[in-house]
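I have placed the structure first, in the form of structure tokens, so that the comments after it can refer back to it.
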Amino acid sequence: MRYIAVTATGDASGMQLGQLAIPEPGPDDLLVRVLAAGVNRPDILQRQGLYPAPDDASPVLGLEVAGEVVACGKHVSRWHVGDKVCALVNGGGYADYALAPAAQCLPIPAGYSWVQAAALPETFFTVWHNLFQRVQLQSGERLLIHGGASGIGVAAIQIARALGVEVMATAGSVAKCAAITQLGAHAIHYRDQDFVAEVKRLTQGQGANVILDMVGADYIQRNFSAAAKEGRIVNIAFLNGSKANVDFMPLMLKRLTLTGSTLRAQSAVVKAGIARELEANIWPLLDNKTITPLIDSVFAFGDVVAAHRHMESNQHIGKIILDLATNESSNT
């Protein structure tokens, strides 16, 4: 099978097409013929040598796929050969075939293309786990999202809005702010506006009940200022750095909760639980088009270098997808 090999860590030019044996499914796995794969920030970090794959995971890039089941492990009962699935995989998504734990697979929503389905697992698992499992975001609360035009950002806006949450989101361009507004959130142009002041203005001085942050650095202190009393702050990345000189007194005075997580290191049991909750709570909203993934761009499998460089440019709005099904019929 074809796969994307990282021949040298660092620049995107270190990736190229290679050949690898098709993997054999374990007793709890599906072997999926990959027809589309999502590009995510962890892929960039792994390629750069900054985020190595866990010992029990595939070293091949790629954490989410959509495709057709071609083989099932002996313990698998729900899925069958020929089923169409999207899946959170433990690496290996940038390949013609990938192993997917059966409990991390979900049905492709009604009418979705392979590309649309591949845009779901990594971002939706991340959003659900952090906002709804870790910090228990509730209907009627106010949510602030940093990086609102990213794949995770646009998914978080849509899910939160669909579940009755008021959303504010930061972004760094007029186009990104327009996209955020179109999704129904209050856009804050962080280059021109102080997001702390804007959050206070939009909430009549109360602040955000929950903050989803992927920026870090000086945002850590500023998040304390933007948070409401009893607010919850969850960090899922540190794009501007993980170190900061922080005064933690507001944490005590406002009775704040500060937490964080990465998805890849979570256990199979945790990921399976996220999948079950997504299917029960969010998949009906995908089926009836209340929520629709926002696709920024689609690249041919062989254009993976361009796909990574596009993500690194930070110009994208929504998801970047690799298309492995070129010249094949659409899933729709």
Side-chain angles (χ1 to χ4, degrees), residues 41-42 122-148 150-171 185-186 188 190 194-267 269-271 273-278 281-282:
R41 192 70 62 173
E122 171 72 10
T123 48
F124 278 59
F125 272 68
T126 298
V127 169
W128 187 262
H129 175 63
N130 285 283
L131 290 184
F132 296 94
Q133 291 185 333
R134 295 193 69 82
V135 298
Q136 299 291 306
L137 180 63
Q138 301 293 317
S139 176
E141 290 193 308
R142 299 182 178 95
L143 168 66
L144 171 63
I145 301 167
H146 294 304
S150 66
I152 285 175
V154 298
I157 291 170
Q158 291 191 78
I159 292 171
R161 289 276 298 154
L163 298 180
V165 175
E166 182 181 347
V167 183
M168 302 162 283
T170 63
H186 302 285
I188 302 171
Y190 67 78
D194 177 355
F195 77 77
V196 175
E198 280 299 296
V199 167
K200 293 292 182 67
R201 183 183 69 82
L202 291 167
T203 63
Q204 294 77 49
Q206 296 183 46
N209 303 108
V210 171
I211 299 175
L212 180 67
D213 183 20
M214 57 192 81
V215 179
D218 68 321
Y219 275 35
I220 297 171
Q221 186 74 69
R222 297 169 71 191
N223 287 338
F224 290 174
S225 298
K229 291 179 180 178
E230 307 285 355
R232 293 95 74 199
I233 303 165
V234 56
N235 277 91
I236 59 170
F238 294 104
L239 296 180
N240 283 3
S242 59
K243 297 180 181 180
N245 185 11
V246 178
D247 177 4
F248 283 96
M249 187 59 73
L251 192 78
M252 294 170 56
L253 297 179
K254 288 186 172 182
R255 302 177 298 281
L256 304 177
T257 298
L258 176 62
T259 185
S261 76
T262 61
L263 181 61
R264 193 169 194 181
Q266 301 282 350
S267 71
V269 172
V270 169
K271 293 174 184 175
I274 299 170
R276 289 193 299 269
E277 291 188 18
L278 282 172
N281 294 285
I282 301 302

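Screening N209, L163, V135 for a side-chain contact (heavy atoms from CB on, under 4.5 Å) with E141, the sole residue that qualifies is N209.
Taking CD1 of I211 as the reference point, atom CG of L143 lies at 9.0 Å (rounded to 0.5 Å). In this structure, CD1 on I188 lies 6.5 Å from CE on M168, to the nearest 0.5 angstrom. Between N223 atom CG and I233 atom CD1 the span is 5.0 Å, to the nearest 0.5 Å. With rounding to the nearest 0.5 Å, the separation of CG in L263 from OG1 in T126 is 4.5 Å. N240 CG to H146 NE2: the interatomic distance, rounded to the nearest 0.5 Å, is 10.5 Å. Of the inter-residue distances, the one linking D218 atom CG with N245 atom CG reads 11.5 Å to the nearest 0.5 angstrom.
When every heavy atom of G164 is checked against every heavy atom of S139, the shortest pair comes out as O-OG, 3.5 Å. Among all heavy-atom pairs drawn from M214 and G147, the shortest one is CE-O, 4.2 Å. When every heavy atom of V234 is checked against every heavy atom of G260, the shortest pair comes out as CG2-CA, 4.0 Å. Closest non-hydrogen pair, A160 versus V167, comes out as CB-CG2, 3.7 Å. Closest non-hydrogen pair, A226 versus L144, comes out as CB-CD2, 4.4 Å. In terms of heavy atoms, Q138 sits closest to V165 at O-CG2, 3.5 Å.
Between Q266 and I274, the closest side-chain pair of non-hydrogen atoms is not below 4.5 Å. Residues W128 and N281 are in side-chain contact: their nearest non-hydrogen atoms beyond the backbone lie under 4.5 Å apart. Side-chain contact between P42 and E122 is present, with heavy atoms from C-beta onward closer than 4.5 Å. Contact of the V215 side chain with the T170 side chain is not registered, since no non-hydrogen atoms from C-beta on lie closer than 4.5 Å. Between V270 and H129 the shortest side-chain heavy-atom distance falls below 4.5 Å.
Ring geometry, Y219 versus F195: the interplanar angle falls from 30° to 60°, so the pair is classed tilted. Ring pair F248/F224 is tilted by interplanar angle, where 30° to 60° counts as tilted.
Between the side chain of R232 and the main chain of Q136, a donor-acceptor pair closer than 3.5 Å is present. The backbone N or O of S225 sits less than 3.5 Å from a side-chain atom of K200, completing a donor-acceptor pair. Counting only distance, with no hydrogens or angles, the side chain of E230 and the backbone of A228 share no donor-acceptor pair below 3.5 Å. Side chain of K271 to backbone of R264: a donor-acceptor contact under 3.5 angstrom is found.
T259 and R134 share a donor-acceptor pair across their side chains, judged by distance under 3.5 Å alone.
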If you apply the rule side-chain contact (heavy atoms from CB on, under 4.5 Å), what do you find for R142 with L202, and how did you get there?
CA-CA 10 Å; R142 299 182 178 95; L202 291 167; over 6 Å; no
